[in-house]
Protein chains: 2
Amino acid sequence: MKMTMKEIAKLANVSQSTVSRVINGNTGVNEESAKRVLDVIDKVGFIPNKAAQTLKRSHSHIIGVCITETYNPYFIELIDQLESQARKHGYNILLHNSNHNPIQEWESVQNFISRQVDGMIIVPTGDYNVERISKLSTPSVVITQNRKFLDSVGLDHALAGKIVAEKFIHSGHKSFGFIGTEPDDKYFGYRMALNENGMKLKEENYVQLEESSTNNILMRRDIESYLNQVGNIIDFTCAFAANDIMALEFINAAKDRGISVPEDLNIIGFDDTYLAKIMGISSIHQPIEEMVTTTFELLLNRMENEVSSKPVQIKLKPTLIERNSSNLVRVP
Amino acid sequence: MKMTMKEIAKLANVSQSTVSRVINGNTGVNEESAKRVLDVIDKVGFIPNKAAQTLKRSHSHIIGVCITETYNPYFIELIDQLESQARKHGYNILLHNSNHNPIQEWESVQNFISRQVDGMIIVPTGDYNVERISKLSTPSVVITQNRKFLDSVGLDHALAGKIVAEKFIHSGHKSFGFIGTEPDDKYFGYRMALNENGMKLKEENYVQLEESSTNNILMRRDIESYLNQVGNIIDFTCAFAANDIMALEFINAAKDRGISVPEDLNIIGFDDTYLAKIMGISSIHQPIEEMVTTTFELLLNRMENEVSSKPVQIKLKPTLIERNSSNLVRVP
DNA sequence: CTGTTAGCGCTTTCAG
DNA sequence: CTGAAAGCGCTAACAG
């Protein structure tokens, strides 16, 4: 069942190298023999062994992709783009999930190396491994975030925060909230823009979720506990959520307490996943397709040119997609 | 930067085969030399070339996975399980997405073969390729569906339909709806159970969505057009949706017309994705983890034993997870 | 316990 | 235009 070139060669009455030649582009092979080879290949359904090709050519046409989670639908759209654009360029995807675990991340990277991947695309678990990844001879690019040492294509999160802040201010809001895990650029950009406009983000209006709340039971529990803590009285009339799931969960929790969105509370999420689309939640859109396109440009460039120039940091621009949840009705 | 065993051997003053021995389990190697080798490996960060190993051992420790879409969050949970369980067994995942396209599916399979995958796990696009896949020397198992010719682990969809039907009848409903693309086992099981209980599923209560509605804009459009067609009057008080997204979209569309769930309309979805969990939608739960576990059992078994026994069809049992959307309030 | 040797299946000079 | 031959990095007899 599993043929080799040698056998094809015998069947077609040519040498193995001729078989190889016709498979790799036909250059300089007599039409007759070429046809004969092609016929045999077709008849027996021969498929060349890529392990051997990889060994010989020392490149595999595989790209290792390591993401941090699959919980957020955002990552699915990312995987989808990655897979389809990779294929467009003639590459396959070896997919790993680090689950936010730096050790697992490093193991994945080692695995990629051992498989002779031609490049890696990584959503890092943090700063843990980026520097040593940058020292490897296999080119990598960070996606979704910006990190030193490596090419990276992310989003201008601070600008996202600013856009949201300005939208809220423009709508006439006076008290603001934030829903997220640890403070990040989104948060800082949001707060700063608020300050610049003479507004303030009160500390008690930071609905802080545990970093580990990457599953809905925990997330909802954290939200409930916040709400109970403030006696079910939400002191803000608008809030920026660090992702769409958080936005949605907060909206649900509020609704259970008779607080309606957008009537009593305006919410803007982040990622603009289909969750936001289905539920009519305003959200900061990340241009995933463009992000992936840019990532491949960088990666393919590094793969082709040995030249190791300085890493570049690309920050794409976020845009606000307005839907019902920030559609001021009677709030302030 | 990229070392080979030969170089390690030289640095550690042993032969290449000794290096190979210590890497592959240390059996029968003098402790001294072993330690020396290990030290060198550690110092230079040597990682063996799996392409060479694959070529030599003629197995790759890769499993090819080909799914049909990423739109439904159900598939994400599937990918996640597949990846983590594969890793647990020492395998990596090569991920492809056929996008419901049989031609792409076959290309993926060929690609898998060329990469010497040890096995394949496939969500088929239909019956197009299963038979010829079954003839390949690489073992495969179908997941999520049941198909002839190949080992397959799916769900008892007809039973799911029956469970839903009985739940609705038990709640006292008298008129029933169905939301989905083409009629399938879910639908038939549902209708049959209804009939057996003296009830009827009227043809005009079949909210038929285009097969291609695998993105929310199209799906919503189809729902809207159905609703407009029936003059915004929903003739049923309960409906079974073929997946959670459809359920949610229908609930939203109904809500826009002043029809509340569960007050005026009960809905049960399918897949029990986090969408259902977050939104409080009752749904038929698919035991994804168990499904994947079973799939690996079958696959690993085929991979280890050359014996080609008859393909087995496994149908796991669905369960209904009741949430708010089927929580009868005043409907019938 | 360890080194030597012969390939795994393919690509790629090098001659002819 | 085409065959012979070397070798990619590794494993696994086979001798010692």
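Please read these numbers as outputs of a predicted model, since none were measured by experiment. Labels below follow one simple rule: chain letters A, B, ... track the order of the sequence lines, proteins then strands, and each chain is numbered from 1.
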(request) Using heavy atoms to find the nearest nucleotide of DNA chain D for Ser33(A) and Ala52(A) separately, return the residue whose nucleotide is more 5′. (result) Ser33(A)
(request) Quickly work out the Asn49(B) CG to dG7(D) C1' distance and round it to whole Å. (result) 14 Å
(message) Can you see whether Gln116(B) engages Ser58(B) through a side-chain donor-acceptor pair at a distance of less than 3.5 angstrom?
(response) no
(request) Could you list by number each residue of residues 4-17 of chain B showing a heavy-atom separation from DNA chain C of less than 4.0 Å, or answer none if no residue does? (result) Val14(B), Ser15(B), Ser17(B)
(message) Between Asn30(B) and Ser58(B), which residue's closest nucleotide on DNA chain C lies nearer the 5′ terminus?
(response) Asn30(B)
(message) If I take atom CZ in residue Arg57(B) and atom C1' in nucleotide dC10(D), what distance separates them, rounded to the nearest angstrom?
(response) 9 Å
(message) Tell me whether Asn92(B) contacts the main-chain N or O of Ile62(B) through its side chain, where contact means a donor paired with an acceptor under 3.5 Å.
(response) no
(message) Whole angstroms only, please: what is the NZ-C1' distance between Lys56(A) and dC10(D)?
(response) 15 Å
(message) Please determine whether side-chain hydrogen bond (donor to acceptor under 3.5 Å, both in side chains) holds for the pair Asn97(B) and Glu83(A), giving the CA-CA distance in whole Å, both sets of side-chain angles, and the decisive distance to 0.1 Å.
(response) CA-CA 8 Å; Asn97(B) 180 356; Glu83(A) 198 267 343; 4.9 Å; no
(request) Heavy atoms of chain B, cut-off under 4.0 Å: which first and last nucleotide of DNA chain C, 5' to 3', fall inside that, if you could look? (result) dC1(C) to dG9(C)
(message) Distance check needed: dT2(D) P versus Asn24(A) CG, whole Å only.
(response) 16 Å
(message) I need the NE2-P distance between His59(B) and dT11(D), as an integer number of Å.
(response) 11 Å
(message) Just to be sure I understand the rule, does Thr54(B) reach a base, reach only the sugar-phosphate, or reach nothing, if contact means heavy atoms closer than 4.0 Å?
(response) nothing
(message) Set out, in order, the CA-CA distance, both residues' side-chain angles and the distance that settles side-chain contact (heavy atoms from CB on, under 4.5 Å) for Met120(A) and Ile113(A), then state yes or no.
(response) CA-CA 9 Å; Met120(A) 310 193 249; Ile113(A) 304 283; 3.9 Å; yes
(message) Can you confirm whether Phe296(B) sits close enough to Leu82(B) that some side-chain heavy atom of one is under 4.5 Å from a side-chain heavy atom of the other?
(response) yes
(message) Can you confirm whether the side chains of Ser152(A) and Gln145(A) place a donor and an acceptor under 3.5 Å from each other?
(response) no
(message) Which residue in the set Arg36(B), Lys43(B), Lys35(B) passes salt bridge (Lys or Arg N to Asp or Glu O under 4.0 Å) when paired with Asp39(B)?
(response) Lys35(B)
(message) Tell me the interatomic distance from Lys2(B), atom NZ, to dG9(D), atom P, rounded to whole angstroms.
(response) 10 Å
(request) On DNA chain C, check which nucleotide each of Gln53(A) and Glu31(B) is closest to and give me the residue with the more 5' one. (result) Glu31(B)
(message) With a 3.5 Å distance limit and no angle check, can you tell me whether Asp118(A) reaches the backbone of Ser60(A) through a side-chain donor-acceptor pair?
(response) yes
(request) Determine the sole option in Asn72(B), Val65(B), Val292(B) for which the side-chain contact (heavy atoms from CB on, under 4.5 Å) test with Leu78(B) is passed. (result) Val292(B)
